[in-house]
Amino acid sequence: MNKKIKTEAVDSLFDAILCLKTRSECYSFFEDLCTVNELLSLSQRFEVAAMLGSHKTYLEIAEKTGASTATISRVNRSLNYGNDGYEMVFSRLKDTDGKKE
């Protein structure tokens with residue numbers, strides 16, 4: 001964990017996110033919290049990570065997502081040298097596939 005981001009304010013934000021229960025609640029909260037561009041950037045990085053995990057090429061990813069090679073490279077670095085956050089989430093999403101309402 002990066003000690004630079006471990007603050008009381010970040011803890012409070014994560015607590016708020018953890019209390020959300022539905023996709024609709026997420027939309028409401030994140031639309032208030034983020035600009036449209038911030039939210040689209042976050043979702044783009046998540047999509048890039050998923051495509052990298054599926055062994056797509058940078059070119060395929062750039063064409064589908066519109067992400068720059070710099071963004072793709074940054075996400076790839078996180079996948080390879082980060083805190084395994086993406087992998088944890090992808091694993092949990094895979095475990096819940098088919099169990100959604």
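None of these values were measured; they are calculated from a predicted model.
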Indicate the atoms forming the closest heavy-atom contact of [X] with [Y], along with that distance.
| X | Y | result |
| --- | --- | --- |
| Leu39 | Cys34 | N-CB, 4.2 Å |
| Ile61 | Met51 | CG1-CB, 3.7 Å |
| Ala50 | Phe90 | N-CZ, 3.5 Å |

[X] with [Y], same ILVMFWY side-chain cluster at under 4.5 Å:
| X | Y | value |
| --- | --- | --- |
| Ile17 | Val10 | yes |
| Val75 | Leu59 | no |
| Phe14 | Phe29 | yes |
| Leu13 | Leu20 | yes |

Exercise for review: Not counting sequence neighbours, which residues clear side-chain contact (heavy atoms from CB on, under 4.5 Å) with Ser91? List them please.
Suggested key: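 Ser91 satisfies side-chain contact (heavy atoms from CB on, under 4.5 Å) with Glu87, Asp95 once adjacent residues are dropped.
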
To the nearest 0.5 Å, how far apart are [atom1] in [X] and [atom2] in [Y]?
| X | Y | atom1 | atom2 | answer |
| --- | --- | --- | --- | --- |
| Leu93 | Met88 | CG | CE | 10.5 Å |
| Ser28 | Leu33 | OG | CG | 12.5 Å |
| Asn76 | Thr69 | CG | OG1 | 12.0 Å |

I'd like to check [X] versus [Y] (side-chain heavy atoms, cut-off strictly below 4.5 Å). Are they in contact?
| X | Y | value |
| --- | --- | --- |
| Thr65 | Thr71 | no |
| Val89 | Phe46 | yes |
| Leu52 | Tyr58 | yes |

Review point. Is there a donor-acceptor contact under 3.5 Å from the side chain of Ser41 to the main chain of Asn37?
Key: yes

**Study point:** By side chain to side chain donor-acceptor pair (under 3.5 Å) - contacts of Thr57 (at least two apart)
**Key:**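 Counting only residues at least two positions away or on another chain, Thr57 forms a side chain to side chain donor-acceptor pair (under 3.5 Å) with Glu60.
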
